[in-house]
Amino acid sequence: MGSFNTFGKTSKSYGSGKNIWHEIKGAYPVGGTIANLSGYNVGDVIPAGSMCALDQAAHTITIVKASDSDQLANVNGLLQNDIYVDEAVKGENGNATGNVVFAGEIYIDRLEEEVPASVLSKLPMIVAIKEK
C-alpha cells in the first residue's frame, strides 16, 4: 500500500551537513518560503547559519549575503538548516522553506560565510562560539 500524505509535504534526505548549532534556544514560530530563490541553481546548497531577513507577515525569508550591504540592516536571525536546491524546488510551482533562529549558541567558525560584527550585534541572543 502506498503512503498517504495529509498535508502535501514531501521531503528528501541528502546526507549530512556540518553541525553548526550547539544549542537552539529560540526560533520564530513561523518559517517562510525563500523569497530570493531565483538567485540559486539546481544543486546549490543554502547553508545553515546563513543570514536571514524574515518577514513574518508575508511568511518569506530573504537570504542575505555579506556583500548585500543594503540588506544587512534587515537581518533578524540565522537559517537553522541547510536547504538543498533540487529540481522540485526550482520547478514551476516549487519553493523552499526555512526556519529562522534568533536565540542560541552557534559554532561561528563553521559557517560558510562570515557574519559581520554589525549583524551579530543585532542578534544579542545568538552566542558565537569560536573554535579557532
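Only heavy atoms go into these numbers, but all of them, side chains included; no hydrogens, no water, no symmetry mates.
By the rule that hydrophobic residues join a cluster once side-chain heavy atoms approach within less than 4.5 Å of another member, Val64 and Leu123 end up as members of one cluster. Connection of Ile108 to Val100 is not established within any shared hydrophobic cluster, with ILVMFWY side chains joined at heavy-atom distances below 4.5 Å, either directly or through further cluster members. Linking Ile, Leu, Val, Met, Phe, Trp and Tyr whenever their side-chain heavy atoms come within less than 4.5 Å leaves Val119 and Val127 in two separate clusters.
The structure places CD of Glu113 at 4.5 Å from CE of Met51, a figure rounded to the nearest 0.5 Å. The line from CD of Glu112 to CD1 of Ile46 is 12.0 Å long, rounded to the nearest 0.5 Å.
The nearest pair of heavy atoms linking Gly98 to Ile34 is N-CD1, 4.4 Å. Contact record, Ile61 with Gly31: CD1-C, 4.5 Å, taken as the closest heavy-atom pair.
Residue pairs satisfying the side chain to side chain donor-acceptor pair (under 3.5 Å) criterion with at least one member in residues 31-57, sequence neighbours excluded, are absent. Sorted by first and then second residue, the ring-ring contact (aromatic ring centres under 6.0 Å, His included) pairs involving residues 96-132 (not counting sequence neighbours) are His22-Tyr107, Tyr28-Phe102. Note on residues 96-111: pairs passing salt bridge (charged side-chain N to carboxylate O under 4.0 Å, His left out), not counting sequence neighbours, are Lys25-Glu105, Arg110-Glu131.
Proximity of Leu37 to Val85: side-chain heavy atoms (C-beta onward) are separated by under 4.5 Å at one or more points. Taking 4.5 Å as the limit, every side-chain heavy atom of Ile126 sits out of range of all side-chain heavy atoms of Val115. Val89 has its side chain out of reach of Asn95: every pair of non-hydrogen atoms, C-beta onward, lies at least 4.5 Å apart.
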Scan the side chains in residues 72-79 for donor-acceptor partners under 3.5 Å anywhere in the protein, sequence neighbours excluded, and list what turns up.
unit_1: Asn74; atom_1: ND2; unit_2: Gln71; atom_2: OE1; d: 3.2
unit_1: Asn76; atom_1: OD1; unit_2: Leu54; atom_2: N; d: 2.9
unit_1: Asn76; atom_1: ND2; unit_2: Leu54; atom_2: O; d: 3.0

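Side chain of Trp21 to main chain of Gly104: no donor-acceptor pair is present (N/O by atom type, distance under 3.5 Å, no hydrogens or angles).
By the ring pair (Phe, Tyr, Trp, His ring centres under 6.0 Å) test, His59 pairs with no residue at all, sequence neighbours left out. Lys122 is linked by a salt bridge (Lys or Arg N to Asp or Glu O under 4.0 Å) to nothing, counting only residues two or more places apart in sequence or in another chain.
Just one of Asn99, Ile106, Val101 meets the side-chain contact (heavy atoms from CB on, under 4.5 Å) condition when paired with Ile24; it is Val101.
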Side chain to side chain contact (heavy atoms under 4.5 Å, CB included) assessment of Ile63 paired with Cys52 | CA-CA 5 Å; Ile63 304 298; Cys52 298; 4.1 Å; yes
